[in-house]
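So the structure is just underneath, and the comments pick up after that.
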Number of protein chains: 2
Amino acid sequence: MLLKQMNIEDTIKASNKLPDSRRLILNILVTANHINDRIGEALKDFDLSIPQFNVLRILRGQKGKPANLSTIQERMVSRMSNTTRLVDKLIAKNLVERVTCEANRRKVEISITKKGLEFLQEVDPVIDKIESEITSRLNAEENELINEKLNELRA
Amino acid sequence: MLLKQMNIEDTIKASNKLPDSRRLILNILVTANHINDRIGEALKDFDLSIPQFNVLRILRGQKGKPANLSTIQERMVSRMSNTTRLVDKLIAKNLVERVTCEANRRKVEISITKKGLEFLQEVDPVIDKIESEITSRLNAEENELINEKLNELRA
DNA sequence: ATACAAATGTTGTTGAAACAAATGAATATA
DNA sequence: TATATTCATTTGTTTCAACAACATTTGTAT
């Protein structure tokens with residue numbers, strides 16, 4: 001199978017060659033956008049936004065242990081200003097629940113419900129498929145190499 | 001100068017090691033987010049949103065030739081649903097202007113104003129600095145390598 | 001103890017994005 | 001030529017995010 005591949009200049013139809021730094025930056029942004037579009041599209045079938053999906057995965061990662069709002073915020077891919085209302089949405093769907101923490105009554109304990117876990121099990125394979133479809137275009141070493149280089153960029 | 005560097009598991013504080021595909025996907029998304037945060041922050045000093053900034057750069061890239069709305073949409077880093085109102089904002093600031101195309105009156109011709117060009121000249125060095133600050137953490141070959149690999153991911 | 005500061009979430013408001021429908025202009029069809 | 005179809009953009013509506021102000025609980029210092 002032959003896949004046509006485009007550099008970013010073509011992709012965003014830049015009129016002239018970009019400076020190297022901007023070229024890489026744009027490439028990362030465009031690629032991230034591409035990924036988000038694909039995942040967001042798939043999640044629409046489940047009436048789930050990307051941030052909502054991320055919160056669910058974070059809560060599952062807690063393995064039963066509830067999480068505070070601030071914990072969720074820290075772990076979000078993109079930091080949200082109003083995580084409260086995001087959680088509200090998930091509560092309305094009975095996918096998560098919230099109780100105020102007894103030890104420190106300012107805090108709040110958020111956890112994923114049984115229904116939430118079951119729901120995730122339906123969503124997961126769809127997203128996994130997209131993710132591995134994308135990353136399978138590179139082999140494991142290339143994959144790992146990019147991981148390292150991106151880590152350096154964020155350093 | 002020693003920079004502390006974090007892998008994505010640490011960055012998003014994942015409780016367990018992620019599968020390779022998700023690992024790379026998340027890394028790209030987190031990195032893009034990091035870049036957007038930094039650029040968005042800098043643009044705030046100029047009362048400019050990232051999409052607005054992109055439109056201005058697209059129009060400058062036209063070198064005097066005006067662009068249609070649809071042309072702008074194609075070239076945007078992230079596709080927007082309502083570019084009309086985005087352009088309205090820039091018109092309100094006298095940075096761009098819009099006239100309906102004589103040849104095809106459905107179309108509209110959008111171009112950057114003199115003031116817009118001058119404004120971009122102020123903004124550019126600030127953004128360039130951020131962009132090269134980030135990309136300079138890798139050398140030219142690494143930089144180019146990632147570009148290629150990202151192109152393959154989007155293929 | 002009391003007062004003051006910091007931590008943690010929530011709520012109100014405003015502006016932007018997503019989505020769908022509508023407008024107006026050009027083109028194709030009958 | 002009249003009518004339908006498509007194109008390019010705009011507009012209306014609903015949802016969501018950013019930001020700031022607020023409330024409540026906890027911690028600290030006098």
Side-chain angles (χ1 to χ4, degrees), chain A residues 29 32-33 36-56 58-59 66-93 96-111, chain B residues 29 32-33 36-56 58-59 66-93 96-111:
Chain A
L29 297 178
N33 230 83
N36 269 323
D37 283 352
R38 292 207 50 192
I39 294 181
E41 187 66 25
L43 288 178
K44 245 191 283 185
D45 295 344
F46 298 95
D47 273 302
L48 213 55
S49 70
I50 291 179
Q52 283 175 14
F53 180 54
N54 287 334
V55 169
L56 286 181
I58 289 167
L59 291 177
N68 303 324
L69 245 207
S70 50
T71 306
I72 295 177
Q73 303 224 36
E74 278 187 334
R75 302 189 182 179
M76 291 287 274
V77 174
S78 73
R79 303 285 138 83
M80 307 250 69
S81 48
N82 44 356
T83 314
T84 297
R85 278 178 276 226
L86 189 53
V87 169
D88 288 344
K89 286 285 169 63
L90 293 169
I91 292 175
K93 297 181 196 176
V96 316
E97 55 192 4
R98 170 172 50 196
V99 297
T100 65
C101 174
E102 275 309 315
N104 183 344
R105 297 174 46 72
R106 280 172 303 186
K107 294 193 179 183
V108 99
E109 296 189 326
I110 299 157
S111 43
Chain B
L29 297 179
N33 230 82
N36 269 324
D37 283 352
R38 294 208 49 191
I39 294 180
E41 187 66 24
L43 287 177
K44 245 191 281 185
D45 295 343
F46 298 94
D47 273 302
L48 213 56
S49 71
I50 291 179
Q52 283 175 15
F53 181 55
N54 286 334
V55 169
L56 286 180
I58 289 167
L59 291 177
N68 302 324
L69 248 206
S70 48
T71 305
I72 295 176
Q73 303 225 36
E74 278 187 333
R75 301 189 183 176
M76 291 286 274
V77 174
S78 73
R79 303 283 137 83
M80 308 250 68
S81 48
N82 45 358
T83 314
T84 299
R85 279 178 274 225
L86 189 53
V87 169
D88 287 345
K89 285 287 168 62
L90 293 170
I91 292 175
K93 298 181 196 177
V96 316
E97 55 192 4
R98 169 171 51 195
V99 297
T100 65
C101 174
E102 274 310 315
N104 183 345
R105 297 176 47 74
R106 282 175 302 187
K107 295 192 178 183
V108 101
E109 295 190 326
I110 298 157
S111 43

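Note on naming: letters A, B, ... go to the chains in the order of the sequence lines (proteins, then strands), and numbering restarts at 1 for each one. Everything numeric in this text was worked out from a predicted model, so none of it was measured.
With sequence neighbours left out, the salt bridge (charged side-chain N to carboxylate O under 4.0 Å, His left out) criterion links B/Arg85 to no other residue. Under the salt bridge (charged side-chain N to carboxylate O under 4.0 Å, His left out) criterion, B/Arg38 pairs with B/Glu133, sequence neighbours left out. Judged as a side chain to side chain donor-acceptor pair (under 3.5 Å), and not counting sequence neighbours, the contacts of B/Asn104 are B/Arg106.
Heavy-atom minimum distance, A/Arg79 versus B/Asn33: N-ND2, 4.5 Å. Counting all heavy atoms, side chain and backbone alike, B/Ile72 lies closest to B/Ala67 at CG1-CB, 4.2 Å. In this structure, B/Pro51 and B/Met76 approach most closely via the heavy-atom pair O-CE, 3.9 Å. When all heavy atoms of A/Leu29 and B/Ala32 are compared, the closest pair comes out as CD2-O, 3.6 Å. The minimum heavy-atom distance linking A/Lys89 with A/Gln52 is given by the pair CB-NE2, 3.6 Å.
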**Request:** Go along nucleotides 20-27 of chain C 5' to 3' and tag each nucleotide: B for a protein heavy atom under 4.0 Å from its base, S when only backbone or sugar atoms are that close, - otherwise.
**Result:** ----BBS-
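Rounded to whole Å, the distance from CD on B/Glu109 to P on D/dT9 is 10 Å. Nucleotide D/dC16 holds its C1' atom 13 Å from the CG atom of B/Asn82, rounded to whole Å. Straight-line distance from the CD atom of B/Glu41 to the P atom of D/dA18: 12 Å, rounded to whole Å. A/Arg79 places its CZ atom 15 Å from the P atom of D/dC19, with the value rounded to the nearest Å. Look at CG on A/Asp37: it is 15 Å from P on C/dA17, rounded to the nearest Å. For the pair B/Lys107 NZ and D/dT10 C1', the interatomic distance rounds to 17 Å; values are reported in whole Å. At whole-Å resolution of the value, CG in A/Leu86 and C1' in D/dA18 are 14 Å apart. Here C/dA17 presents its C1' atom at 15 Å from CG of B/Asn36, a figure rounded to the nearest Å.
Considering B/Val108, B/Val96, B/Asn82, B/Leu59 as possible partners of B/Val87, the one that fulfils the side-chain contact (heavy atoms from CB on, under 4.5 Å) test is B/Val96.
Contact of the B/Asp88 side chain with the B/Arg98 side chain is registered, since non-hydrogen atoms from C-beta on lie closer than 4.5 Å. Contact of the B/Leu48 side chain with the B/Lys93 side chain is registered, since non-hydrogen atoms from C-beta on lie closer than 4.5 Å.
B/Lys89 has no side-chain polar atom (N or O) that falls below the 4.0 Å cut-off from OP1 or OP2 of C/dG15.
Looking at residues 44-55 of chain B, you'll see B/Lys44 sit with a heavy atom under 4.0 Å from some atom of DNA chain D. Using a 4.0 Å cutoff on non-hydrogen atoms, the parts of residues 66-76 of chain B near DNA chain D are B/Asn68, B/Leu69, B/Ser70, ordered by number.
In this structure, A/Val108 and B/Met80 both approach DNA chain C, and ranking their closest nucleotides by distance from the 5' end singles out A/Val108.
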